[in-house]
Student: 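This structure is in structure tokens; I'll ask about it shortly.
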There are 2 protein chains.
Amino acid sequence: MAGLNQVQRQTGVALWRQIADRIREAIGNGAYDETGMVPPETVLALQFGVNRHTVRSALAALAQEGIVRAVQGRGTLIERKERLNFPITRRTRFTAGIGDQARETRGLLLDEVTEEASAEVARWLRLKPGAKVIRLETLREADKRPVSKATSWFPAERFAGIGEAYRKHQSITKAFVELGLADYVRATTEVTAAHADTADLADLELTPGAILLVAKAMNTDLDGMPVQYSISRFAADRVQFTIEN
Amino acid sequence: MAGLNQVQRQTGVALWRQIADRIREAIGNGAYDETGMVPPETVLALQFGVNRHTVRSALAALAQEGIVRAVQGRGTLIERKERLNFPITRRTRFTAGIGDQARETRGLLLDEVTEEASAEVARWLRLKPGAKVIRLETLREADKRPVSKATSWFPAERFAGIGEAYRKHQSITKAFVELGLADYVRATTEVTAAHADTADLADLELTPGAILLVAKAMNTDLDGMPVQYSISRFAADRVQFTIEN
DNA sequence: TTAATATGTCTATTGATATAGACAACTATA
DNA sequence: TATAGTTGTCTATATCAATAGACATATTAA
């Protein structure tokens, strides 16, 4: 697994970025937990079959992200190692899902808009196309680090004021309670992966080429009526999903 | 949508590759279904804010992948549009999951090895570390296109000969039946995303920088005894997972 | 047939990427 | 206190990536 030669040339992806991605992933997988350090630059250069300067570019990028810190004479220390597990069940909730994996979770309301439902949103929420829906753009953090960004739609009539309620409680679950919905369940989740767009890169503090896990989810009330459709984007190197059957 | 479709400079990912990735994704999302063509090069150049030659590099890469075909004077035609839906349930099976989304599915056995279980494999299969396990490397295709690559481990004692059985039936389910296991269920699935390594890039016919959806799954027999642990890698732009609760 | 609209090809220039080698500066330890 | 092992800095060179402009060539529709 501590692999040889995992980079390719002339592909439009610079070698230093391929190497940075691999090292970030290896750190996340605990490959260097014994020493708490990345292997020496010369060793990495040999492993990847590139010049030492190329490895240095990769490590510089990781240092910029705050993942490693180079100390002259000693080596390159691992500063931060992040991978949260996020269970997807019938009772999926963001904050409860993180559980004791982080000390502090936070939900920021980035934007709130009332708009007409697109065909896709209308289908998921079982509304007529063009029906009024409230769209929330939210950013969720764990221990001050952004974990995911979500776009959520709610039927406007039933959940008027959900933006304000979310801002107050920083939680969809609590906002629902305030609006009279005591409980809800996850009906469907679709998972894909994609490259992040510029806005998501910035909000999630990622570097271009970074991968997102994308979860399209639909929640219903206990009568099976859709109450929320959301598209959540998670930084793939910070999160994994678990589906228990 | 058009103006927001931006690319970033000096990130180690060439502009032409970022653009190729975005266009491939847009095609997969059906963005150009009305015309069956990609917008003209000059329009794309304007949208992405780059030179026309840069767009041409991106389209050349997509043509190389067989996704588009440029016709002088007419435009750039979309040749292939691929996105399979793959449900993850208690009864998840690859071939049945694809269902009628493809006319023909195939399973290739790339490699078969008997080895000692690593700590991770032993934990999932509830074996002692070092116990004998059979590892299969398989490649699954739908309509002659590679869809996923999987590494699977089985308890060696119980499932001796599973490699041969898989080669014959091209299906894990049928191989299990031949070895006396009539039915099994999916116990756990963990989903992450990652960059493909060189071997997976080649087998899945992907270009570097491509994204994989990675599903780590454990199947048990009806008594709850683990029978298979597998790590499947799917080309992210060819599949999505659906989790029904 | 013509004009408008596409893609295809060529030259030229600039900045980013990658390699190569040499040596300085710092840390841990034998 | 040497010494081995590590990161930091510098110079130089070659190739890739991106821009720019001009014009050729093919298709479609007026």
Side-chain angles (χ1 to χ4, degrees), chain A residues 5-23 27 32 34-79 207-209, chain B residues 5-23 27 32 34-79 207-209:
Chain A
N5 253 348
Q6 298 180 315
V7 290
Q8 293 198 337
R9 288 154 196 274
Q10 299 174 13
T11 61
V13 184
L15 293 181
W16 65 263
R17 171 137 300 285
Q18 295 183 51
I19 292 168
D21 290 339
R22 298 257 173 246
I23 294 175
I27 291 173
Y32 308 130
E34 294 174 19
T35 58
M37 293 171 64
V38 166
E41 293 168 353
T42 49
V43 174
L44 289 171
L46 206 64
Q47 279 182 7
F48 287 109
V50 301
N51 191 276
R52 178 178 157 235
H53 294 294
T54 308
V55 170
R56 283 180 61 73
S57 297
L59 291 175
L62 294 177
Q64 186 65 30
E65 294 177 43
I67 291 179
V68 300
R69 179 170 53 90
V71 179
Q72 189 171 17
R74 284 185 66 193
T76 303
L77 284 60
I78 295 169
E79 289 279 276
T207 51
Chain B
N5 228 344
Q6 283 195 353
V7 287
Q8 295 200 335
R9 287 154 197 273
Q10 300 175 14
T11 62
V13 183
L15 294 181
W16 65 263
R17 172 138 299 286
Q18 296 183 50
I19 292 168
D21 290 338
R22 298 246 177 258
I23 294 175
I27 291 173
Y32 308 130
E34 294 175 18
T35 59
M37 293 171 63
V38 166
E41 294 169 352
T42 49
V43 174
L44 289 171
L46 205 65
Q47 280 182 6
F48 287 109
V50 301
N51 192 276
R52 178 177 155 234
H53 294 294
T54 308
V55 169
R56 283 179 61 75
S57 298
L59 292 176
L62 294 178
Q64 186 66 30
E65 294 177 43
I67 291 178
V68 300
R69 179 169 54 91
V71 178
Q72 189 173 161
R74 283 185 67 194
T76 303
L77 283 60
I78 295 169
E79 288 279 277
T207 50

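Side chains included, hydrogens not; waters and symmetry mates left out as well; all remaining heavy atoms used. Chain letters run A, B, ... following the sequence lines, proteins first and then strands; every chain starts at 1.
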Student: Quick one: the side chain of A:His53 and the base of C:dG21, do they pair up donor-acceptor inside 3.5 Å?
Tutor: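 Answer yes: a donor N or O sits under 3.5 Å from an acceptor.
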
Student: Heavy-atom count check: over 12 atoms from other residues, nucleotides or ligands less than 6.0 Å from B:Gln64 CD?
Tutor: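 Incorrect, the count does not exceed 12.
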
Student: Could you tell me how far apart A:Arg17 (CZ) and D:dA17 (P) are, to the nearest whole angstrom?
Tutor: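 Whole-Å distance recorded here is 16 Å.
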
Student: Got A:Leu62 and A:Thr76 here, is their nearest side-chain heavy-atom distance under 4.5 Å?
Tutor: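 Side-chain contact under 4.5 Å: no.
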
Student: In whole Å, I'd like the distance from the CG atom of B:Asn51 to the C1' atom of C:dC10.
Tutor: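 Checked: the CG to C1' distance equals 14 Å.
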
Student: B:Arg74 side chain: which of D:dT7, D:dT27, C:dT7 is closest?
Tutor: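 It is D:dT27.
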
Student: Report yes or no: is there a donor-acceptor pair, N or O only, under 3.5 Å between the side chain of B:Arg52 and the base of C:dG8?
Tutor: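 By the distance-only test, yes, there is a pair.
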
Student: What I'd like to find out is whether the side chain of A:Val68 reaches to under 4.5 Å of the side chain of A:Ile23, using heavy atoms alone.
Tutor: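 Answer no - side chains too far apart.
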
Student: In whole angstrom, what separates A:Ile19's CD1 from C:dT17's C1'?
Tutor: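 Result: 12 Å.
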
Student: Measuring from B:Thr54:OG1 to B:Glu41:CD, what's the distance to the nearest 0.5 Å?
Tutor: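 One gets 11.0 Å once the value is rounded to the nearest 0.5 Å.
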
Student: Could you tell me if the side chain of A:Ile78 sits less than 4.5 Å from the side chain of A:Thr35, heavy atoms only?
Tutor: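 Contact flag for A:Thr35/A:Ile78 side chains = no.
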
Student: Does a side-chain N or O from A:Thr54 land closer than 4.0 Å to OP1 or OP2 of C:dT19, or not?
Tutor: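 Result: yes.
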
Student: Is there a donor and acceptor pair closer than 3.5 Å between the side chain of A:Gln72 and the base of C:dA25?
Tutor: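 Under the 3.5 Å cut-off, the side chain and the base do form a donor-acceptor pair.
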
Student: I need the CZ-P distance between B:Phe48 and D:dA17, as an integer number of Å.
Tutor: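 Nearest whole value for this atom pair: 18 Å.
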
Student: Of B:Val71 and A:Ala14, whose nearest nucleotide on DNA chain C comes first from the 5' end?
Tutor: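 Upstream on the strand: B:Val71.
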
Student: Using atom CZ of B:Arg56 as one end and atom P of D:dT19 as the other, report the distance to the nearest whole Å.
Tutor: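 Checked: the CZ to P distance equals 14 Å.
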
Student: Between A:Leu15 (CG) and D:dT15 (P), how many Å, whole number?
Tutor: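 Atom CG in A:Leu15 sits about 16 Å away from atom P in D:dT15.
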
Student: Judged by each residue's nearest nucleotide on DNA chain C, which is more toward the 5′ side, B:Val38 or A:Trp16?
Tutor: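 Closer to the 5' end of DNA chain C: B:Val38.
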
Student: Expressed in angstrom and rounded to an integer, what is the separation of B:Leu44 atom CG from D:dT19 atom C1'?
Tutor: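 Spelled out: CG on B:Leu44 to C1' on D:dT19 is 17 Å.
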
Student: May I have the distance from A:Arg69 (atom CZ) to C:dT27 (atom P), rounded to whole angstrom?
Tutor: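 The answer, rounded to whole Å, is 12 Å.
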
Student: At under 4.0 Å between heavy atoms, what does B:Thr76 touch on the DNA or RNA strands: base, sugar-phosphate, or nothing?
Tutor: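 Sugar-phosphate, no base atom in range.
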
